[in-house]
Structures are given as C-alpha cells and as structure tokens.
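These notes are about the structure you will find just below.
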There are 2 protein chains.
Amino acid sequence: MDTNPLLSAIETELQRQVGRLDSPRTRVFYEMMTYHMGWTGEGAGPEATGKRIRPLMLLLCAVSCGANWQFALPAAAAVELVHNFSLVHDDIEDNSHKRRSRTTLWKKWGMPQGINAGDGLFVLSNLAITDLADSYKAETVVRAAQILHNTCLDLTRGQFLDISYEKRDDLTVEDYWPMVTGKTAALLSCCCQLGALLGEADEATQEAYRSFGHFLGLAFQVQDDILGIWGDEAMTGKSAASDLVEGKKSLPVLFGLQKKGRFAARWKEGPIRSDEVEEVASMLAEESAYESSHAAARQMTEMALTNLREADPQGEAGEALIELANKLLGRRQ
Amino acid sequence: MDTNPLLSAIETELQRQVGRLDSPRTRVFYEMMTYHMGWTGEGAGPEATGKRIRPLMLLLCAVSCGANWQFALPAAAAVELVHNFSLVHDDIEDNSHKRRSRTTLWKKWGMPQGINAGDGLFVLSNLAITDLADSYKAETVVRAAQILHNTCLDLTRGQFLDISYEKRDDLTVEDYWPMVTGKTAALLSCCCQLGALLGEADEATQEAYRSFGHFLGLAFQVQDDILGIWGDEAMTGKSAASDLVEGKKSLPVLFGLQKKGRFAARWKEGPIRSDEVEEVASMLAEESAYESSHAAARQMTEMALTNLREADPQGEAGEALIELANKLLGRRQ
C-alpha cells in the first residue's frame with residue numbers, strides 16, 4: 001500500500017487543526033505552532049516535520065480493521081498534536097536548545113511563551129479528537145477521547161518519573177519499564193487502539209492492537225537506547241554514546257549500574273567526558289549490558305509481533321502495518 | 001439556598017478526580033497536585049484551596065435550569081482543574097514564588113516538575129469532563145467537551161497576549177478586552193454555559209447564561225484592576241497599588257497611557273517604586289483613569305445583569321446565583 005496519500009492527508013489535517021489559531025491578533029501565537037510543526041521559519045520542510053509515524057500507525061490500524069481512513073483523520077491529527085505538545089514541554093524541562101537541528105520553540109520565543117504554546121498544542125489535540133463527531137457516533141467519540149486522555153495521563157506520569165530519576169542513584173532495571181511505558185509506549189499503544197476502535201473492531205481485537213503498540217513502543221525505545229550508546233551516527237542521526245555524556249539513565253546504563261562493577265564505579269565518579277566515551281561503552285559491553293539490552297529488545301519485539309498476529313490486520317494496510325513495524329524494529333524484510 | 005453542601009461535594013469530586021494519580025510509584029506526583037489544590041502540605045486548608053467560585057457557578061446555573069446538581073459534578077471539577085492547571089503554569093511564566101501565601105508548586109519541586117504537574121492537572125480536567133458519560137447521553141458529553149476545549153484555547157490565546165503585552169509600549173484600551181476575555185471571562189462564561197447545557201436549557205437560554213458569565217468575568221476583572229491600584233489591602237488581601245509596582249498593564253494604566261499626560265511620561269521613565277505609588281495612583285486618578293475604569297466596570301456589570309435576567313434562573317438556585325453575582329460585582333444586596 002502506498003502510504004504517501006495518507007501522509008499527505010495527515011499533514012493537511014494537521015494544518016486544518018492548527019489553523020484554528022490563525023487570526024490577526026494571535027498571529028505570532030499561530031506562527032509558534034507552525035514553526036514547531038516544521039511548516040514555517042528557518043529549516044522548515046520534511047526534515048523538520050518528523051516522520052508522522054504515530055498518525056500513520058493509527059490510520060493503518062484503522063484501515064486494516066476495515067475503516068475508511070479519511071474518517072479517522074481527526075484522531076490521527078490528535079495523537080500527533082499530543083506528541084508535539086509533549087516535545088515542546090520536554091524541550092523546556094530538559095533545557096534543550098535544538099530539536100531536529102532547529103532552535104527549539106522556547107529558545108526562540110522565551111520560556112513563558114514556550115510553556116503556553118505547548119498548552120495550545122495540547123488543547124488543539126483535545127479539539128481534534130472531538131472532530132470525530134463528524135463521522136462517528138457520539139459514544140465512539142467519548143470512548144476515543146477517554147483513550148486519548150488516559151494516554152496523556154500516562155505520558156505525564158512517565159515524564160514525572162523521568163525527571164525524578166535524574167537525581168536518583170539507586171535506580172534498577174525495574175524502574176526503567178514504568179518510565180518508558182509512559183514516555184514512549186503509551187502513545188504508540190494509543191494510536192493502535194484508536195485505529196482499531198475507529199475500524200469498529202471487537203474488544204478483543206482492540207486489545208490486541210493496543211498491546212501490539214505497547215510492546216512496539218518498548219522494543220523501539222530499548223533499541224534507541226542501545227543505539228544511543230553503541231549505534232552509528234550515520235544511521236541514527238545522533239552521535240553514538242551521546243547518551244553516556246548526557247548521563248541518560250537508559251536501559252544499558254541501568255543494567256551496568258546493577259552489576260556494581262567497573263562501569264558503576266566510573267559512573268559514580270561524575271559526568272562522562274566525550275574523550276572517554278568509547279572506553280566507557282566498551283566497559284559497559286564487557287559487563288554484558290549490550291547483551292542484556294539486546295535480549296530485552298528481542299523479547300519486546302516478539303511480544304509485539306505475537307500481538308500483531310493476534311490482531312490479524314487485513315489487506316494492503318495490514319501488510320503496510322507489518323512493514324512499518326519491521327522498519328521500526330530494525331528488522332530486515 | 002445553602003451552598004455549603006454543593007461546595008463540600010465539589011471538594012469530594014475534585015479529590016476523586018485527582019485521586020486517579022494516587023499510586024505508589026507516582027506518589028510524589030500526586031502530592032504535587034494535592035499540595036497545589038490546598039489539601040496537603042504547609043498551609044493546607046480553606047485559605048489555600050481558593051473559593052471554588054467557578055464550579056459553584058456551574059452547579060448553580062445547572063440547578064437554576066432544572067438539573068440535579070450531583071450529575072453535573074464532573075463538569076464542575078473539570079472547570080476548577082482547568083483553572084488550577086492555568087495557575088500552575090502562570091506561576092512559572094510570571095516567575096511567581098508565592099500563591100495564596102504558600103510557596104508555588106514549581107518553586108517547591110522545580111520548574112520541570114512544575115510544567116509537568118500543570119500538564120497533569122490539565123489532563124485530569126479532560127478526563128473529568130468525559131465522566132459526564134455516567135449521567136448524560138454521549139452527544140451532551142461531546143458538546144460539553146467541545147465547550148471546555150474551546151474555552152481552553154481562549155485561555156492560551158489570552159495568555160499569549162498577556163505575555164506579549166509585557167514588552168509592548170504601544171498598547172491601547174482596545175488591546176485590553178481580547179486579553180481579559182481569554183484570561184478571565186472565557187472560563188466563567190464556560191461555567192455558565194456548561195451549567196445551562198447540563199440543565200438541558202434551550203440554545204437561546206444557554207447563550208444568555210454564556211453571555212452572563214462573559215460579562216461577569218469582564219466586570220470582575222475591571223474591578224480587580226481598580227482595586228489593584230486604589231483598593232484597600234484589608235478587603236482584597238493584596239496590597240493596593242502593587243499592580244503599579246509590578247508594571248501590570250491593567251485597564252486604568254491603559255487609560256492613563258492613552259492620555260499621554262503626566263502619568264504616561266512617568267510610566268515611560270521605568271519601574272514605579274513603592275515609595276511613589278500613592279503619588280502615581282493620584283496622578284492616574286486626576287487624568288480620569290479611575291472614572292473611566294469605573295464607567296467600564298458599570299457597563300460590564302449592566303451587561304452581565306441584563307443577560308442574567310434574560311437567562312431567567314429559577315428557584316432557590318437562581319436566587320443564590322444572583323446573590324453570588326452581586327457579591328462578585330461588589331454590589332450591596
């Protein structure tokens with residue numbers, strides 16, 4: 001299935017949703033949104049918009065359950081707006097100056113406007129989901145809204161854990177899963193569940209789609225963590241081992257800390273410098289953190305694929321969904 | 001009508017809604033909410049919770065249209081949670097260290113957790129509104145959600161204007177109304193409209209309630225602006241003229257700037273010191289800003305009361321609503 005018409009329709013729907021703010025008096029407020037979404041300002045273009053993986057997943061899930069994807073577009077826009085609201089706030093919370101090689105919204109317009117613009121994107125996602133009322137019965141709209149809002153609650157829970165972990169040095173691998181469940185898996189799981197709901201799948205199938213998205217998110221995050229320490233820059237676009245310098249408590253690091261060996265001893269001494277990154281990454285691999293992380297990634301991937309089989313996505317959209325999942329999981333076709 | 005049972009039920013419903021976050025792993029996240037809501041931590045108690053005017057207005061509007069107020073409680077909680085989410089973010093945006101004589105959430109737990117806790121309160125309000133599904137048909141829930149979300153969009157628009165006004169010195173009285181419409185009137189207007197909707201009033205009556213809330217909000221804000229410059233501390237709890245020292249572009253100040261007289265000249269020289277506040281306030285009054293602001297307050301009050309008569313609230317709740325409106329408008333009974 002050619003996903004280009006879907007991606008193009010997603011972009012149009014996002015522009016329509018964000019367009020609610022296009023009025024003379026709040027023109028600059030609107031510009032903040034269009035800048036962050038990658039449509040306007042320095043560096044605007046496909047590189048700046050991101051891949052729109054989440055709304056695409058939602059539409060493919062919907063179609064693979066038999067839906068007309070056009071009807072599901074407001075929900076697709078809603079999940080992408082949630083993702084972007086959380087990026088805008090995360091950038092402030094993490095003091096990040098750059099995102100996708102562009103100045104972050106809050107660095108460009110200041111912290112107060114940045115917080116408020118994130119709030120604005122969040123409101124737009126709430127409005128988008130109620131637009132489903134144009135094509136679906138009200139009961140379905142309320143159910144979709146509840147799924148979306150519960151997901152957002154998980155996002156804020158995950159973000160709370162992420163921020164509070166920064167100051168803790170007693171973390172174990174068990175602390176990792178609730179954090180990434182909120183930060184990464186919740187929204188992907190929401191996309192798949194919403195797709196199935198809008199495709200009018202039965203409860204059991206909705207649950208299989210939901211679980212597929214959940215484990216896909218976990219598998220993807222673990223792989224991202226592995227690449228953040230041992231991955232190659234050309235492939236991921238981010239410098240390998242930068243996660244070590246940033247002190248990010250990713251899964252390999254938590255495996256390493258648990259060993260209480262050389263890596264743990266070095267980690268406790270203070271921030272890791274760029275010039276020792278290769279050595280520390282090797283240290284971590286020698287203490288089997290690479291192996292353990294890969295095993296975790298494999299396990300999550302298997303769970304994702306088991307649930308995907310259970311969901312049994314139909315037709316060309318089903319094939320496209322399997323293809324997208326394999327791509328995200330870094331598997332050869 | 002005794003409003004105490006309503007206020008007590010509002011508090012219980014708020015605790016139930018916020019209770020969604022009460023789980024062992026996110027206990028501290030939950031504590032941030034209960035602290036901000038005034039239930040726990042230093043200075044907890046009635047002084048810290050605020051007056052819950054908005055949810056009370058919503059319930060009184062609902063009952064005065066014939067609703068059972070118990071059914072409308074989730075909507076009452078939703079508007080109060082929106083109000084509190086915006087306070088948490090406003091405090092960060094304004095760099096405020098104190099609210100109701102207590103340390104602000106973000107000063108206590110840090111800026112990153114503060115932004116995220118505000119997001120959490122916002123999500124809780126979204127979830128609360130969908131809880132109306134327990135008592136109302138899905139179409140009404142979707143309509144209520146749309147009203148709430150559109151109000152939140154107005155709030156972020158108003159906040160955008162408020163922040164951007166700080167750096168502008170070309171503002172006129174015309175710039176004032178869109179800003180306070182978003183910041184103050186939108187949420188009060190939402191409370192009254194939601195009340196009428198949940199009381200199953202017809203469209204015209206819903207519109208009259210909405211307009212009543214809108215003008216009530218504007219009248220209240222103008223009065224607050226007047227008190228912020230000439231009011232007495234004992235009555236308002238905030239030191240008179242503190243708005244002048246803070247450089248707040250309130251309505252009297254905009255009237256004064258428009259005159260381009262002595263006040264405008266002094267304002268342009270830089271921040272007003274505490275020791276000259278009385279003199280500058282007199283200057284402003286002499287240039288008829290006091291008079292003009294009072295005329296605006298009277299006009300908004302009249303509009304509010306005209307719409308309230310049009311809404312024609314029934315029974316004891318209607319009387320309590322009129323009483324509450326008069327109290328907010330500083331009018332003798």
Side-chain angles (χ1 to χ4, degrees), chain A residues 20-21 23 25-26 28-29 32 85-86 89-90 92-95 109-133 137-143 145-146 148-157 159-164 166 175 178 182, chain B residues 20-21 23 25-26 28-29 32 85-86 89-90 92-95 109-133 137-143 145-146 148-157 159-164 166 175 178 182:
Chain A
R20 290 183 207 261
L21 283 174
S23 72
R25 200 173 281 276
T26 54
V28 177
F29 191 39
M32 293 178 199
F85 126 72
S86 77
H89 281 184
D90 280 13
I92 305 173
E93 293 161 18
D94 299 343
N95 193 29
W109 280 283
M111 188 267 282
Q113 291 289 19
I115 296 176
N116 189 56
D119 292 341
L121 284 168
F122 195 8
V123 179
L124 290 172
S125 82
N126 292 333
L127 280 165
I129 203 80
T130 65
D131 274 359
L132 286 173
K137 59 182 200 286
E139 284 76 8
T140 307
V141 181
V142 172
R143 183 75 195 109
Q146 284 169 332
L148 185 72
H149 302 329
N150 274 307
T151 301
C152 291
L153 203 61
D154 285 342
L155 280 176
T156 61
R157 276 198 192 99
Q159 184 65 1
F160 157 76
L161 291 176
D162 197 21
I163 301 169
S164 57
E166 275 167 33
D175 295 307
Chain B
R20 290 183 207 262
L21 283 174
S23 71
R25 201 173 280 275
T26 54
V28 177
F29 190 38
M32 293 177 198
F85 126 73
S86 77
H89 281 185
D90 280 13
I92 306 174
E93 294 161 17
D94 299 344
N95 192 30
W109 280 282
M111 187 267 282
Q113 291 289 19
I115 297 177
N116 189 57
D119 292 341
L121 284 168
F122 195 8
V123 179
L124 290 172
S125 81
N126 293 333
L127 280 166
I129 203 82
T130 66
D131 274 358
L132 286 174
K137 60 180 197 288
E139 284 75 10
T140 306
V141 181
V142 172
R143 183 77 195 108
Q146 285 169 332
L148 185 72
H149 302 329
N150 273 307
T151 300
C152 291
L153 203 60
D154 286 342
L155 280 176
T156 61
R157 275 197 193 98
Q159 184 66 1
F160 158 77
L161 291 175
D162 197 21
I163 301 169
S164 57
E166 274 167 33
D175 296 306

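Just so you know, these numbers use all the heavy atoms, side chains as well, and skip hydrogens, waters and symmetry mates. A note on names: the letters A, B, ... follow the listed sequences, proteins ahead of strands, and every chain is numbered from 1. Everything quoted here is computed from the prediction, not taken from an experiment.
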Asp90(A) versus chain B, the contacting section by heavy-atom distance below 4.5 Å: neither
Most contacts with chain A, counted as non-hydrogen pairs under 4.5 angstrom, among Leu155(B), Asn116(B), Thr26(B): Asn116(B)
Do you know which of Val28(B), Ile115(B), Asp94(B) has the most heavy-atom pairs under 4.5 Å to chain A? Ile115(B)
When heavy-atom pairs shorter than 4.5 Å are enumerated against chain A, which of Met32(B), Glu139(B), Lys137(B), His89(B) gives the highest number? His89(B)
Measuring only between side-chain heavy atoms, which start at C-beta, is Gln113(B) closer than 4.5 Å to Ser164(A)? yes
Once you measure the plane-to-plane angle for His149(B) and His149(A), does it fall in the parallel (<30°), tilted (30-60°) or perpendicular (>60°) bin? perpendicular
Non-hydrogen side-chain atoms of Asp119(A) and Asp119(B) separated by less than 4.5 Å: yes
Are Leu161(B) and Phe29(A) side-chain neighbours, meaning at least one heavy-atom pair lies under 4.5 Å? no
Answer whether the closest heavy-atom distance between the side chains of Met111(B) and Ile92(A) falls below 4.5 Å. yes
Can you check whether Arg157(B) reaches Leu21(A) side chain to side chain, under 4.5 Å on heavy atoms? yes
Passes side-chain contact (heavy atoms from CB on, under 4.5 Å), Trp109(A) versus Ile163(B)? Steps please. CA-CA 11 Å; Trp109(A) 280 283; Ile163(B) 301 169; over 6 Å; no
Could you measure the distance from the CG atom of Leu148(A) to the OG1 atom of Thr130(B)? Nearest 0.5 Å is fine. 10.5 Å
Looking at chain B, which one of Arg25(A), Gln146(A), Gln159(A) has the largest number of heavy-atom pairs inside 4.5 Å, strictly under? Arg25(A)
Going by side-chain hydrogen bond (donor to acceptor under 3.5 Å, both in side chains), name the residues that satisfy it together with Asp131(A), two or more places apart in sequence or in a different chain. Arg16(A), Gln17(A), Arg20(A)
